[in-house]
Amino acid sequence: MATANSPSDDTPHELSGVVVGWKHRAFARNIHLTVQSSKTPRPTPEAIDTHHLLMTRNQALLLANYLMRVTGQQLPPRRRRTLWQRLFG
């Protein structure tokens, strides 16, 4: 579970809410993931929390594989390139 320290309290607490947005970018050899969430069903701009996560590429791959598996999705099959495409493509 993800935990964070509240500005007024030094004890960790559990983060929960509904994801309302996210973005990512490469950061050195890692992935910087920004997740926006809200505890309210109808979020207003002041009710949105932003969380910044820095993860290795391996951690990002494990998370992606997990999400693909639990949603029942599959990667498209790899298409083999012909010799002609490998030489001139």
Using a 6.0 Å cut-off, check whether atom [atom1] of [X] has over 12 heavy atoms from anything other than its own residue.
X: Gln85; atom1: CD; answer: yes
X: Arg81; atom1: CZ; answer: yes
X: Arg86; atom1: CZ; answer: yes

Under 4.5 Å between side-chain heavy atoms, counting indirect links through other Ile/Leu/Val/Met/Phe/Trp/Tyr residues: same cluster for [X] and [Y] or not?
X: Leu87; Y: Trp84; value: yes
X: Val70; Y: Leu63; value: yes
X: Leu75; Y: Leu62; value: no

(request) For Asp49 and His51, work out which heavy atoms get closest and say how close. (result)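 Shortest heavy-atom separation between Asp49 and His51 comes out as CB-NE2, 3.6 Å.
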(message) Quick check: closest heavy atoms across Ala47 and Ser38, and the distance to 0.1 Å?
(response)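 Heavy-atom minimum between the residues: O-OG, 3.5 Å.
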(request) Can you measure from OH (Tyr66) to CG (Leu61) and round to the nearest 0.5 angstrom? (result)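 Rounded to the nearest 0.5 Å, the OH-CG separation comes out at 15.5 Å.
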Cut-off 3.5 Å, no hydrogens considered: what does the side-chain donor-acceptor table look like for residues 15-36, sequence neighbours left out?
| unit_1 | atom_1 | unit_2 | atom_2 | d |
| --- | --- | --- | --- | --- |
| Arg25 | NE | His32 | ND1 | 3.4 |
| His32 | NE2 | His52 | ND1 | 3.2 |
| Thr34 | OG1 | His52 | ND1 | 3.4 |

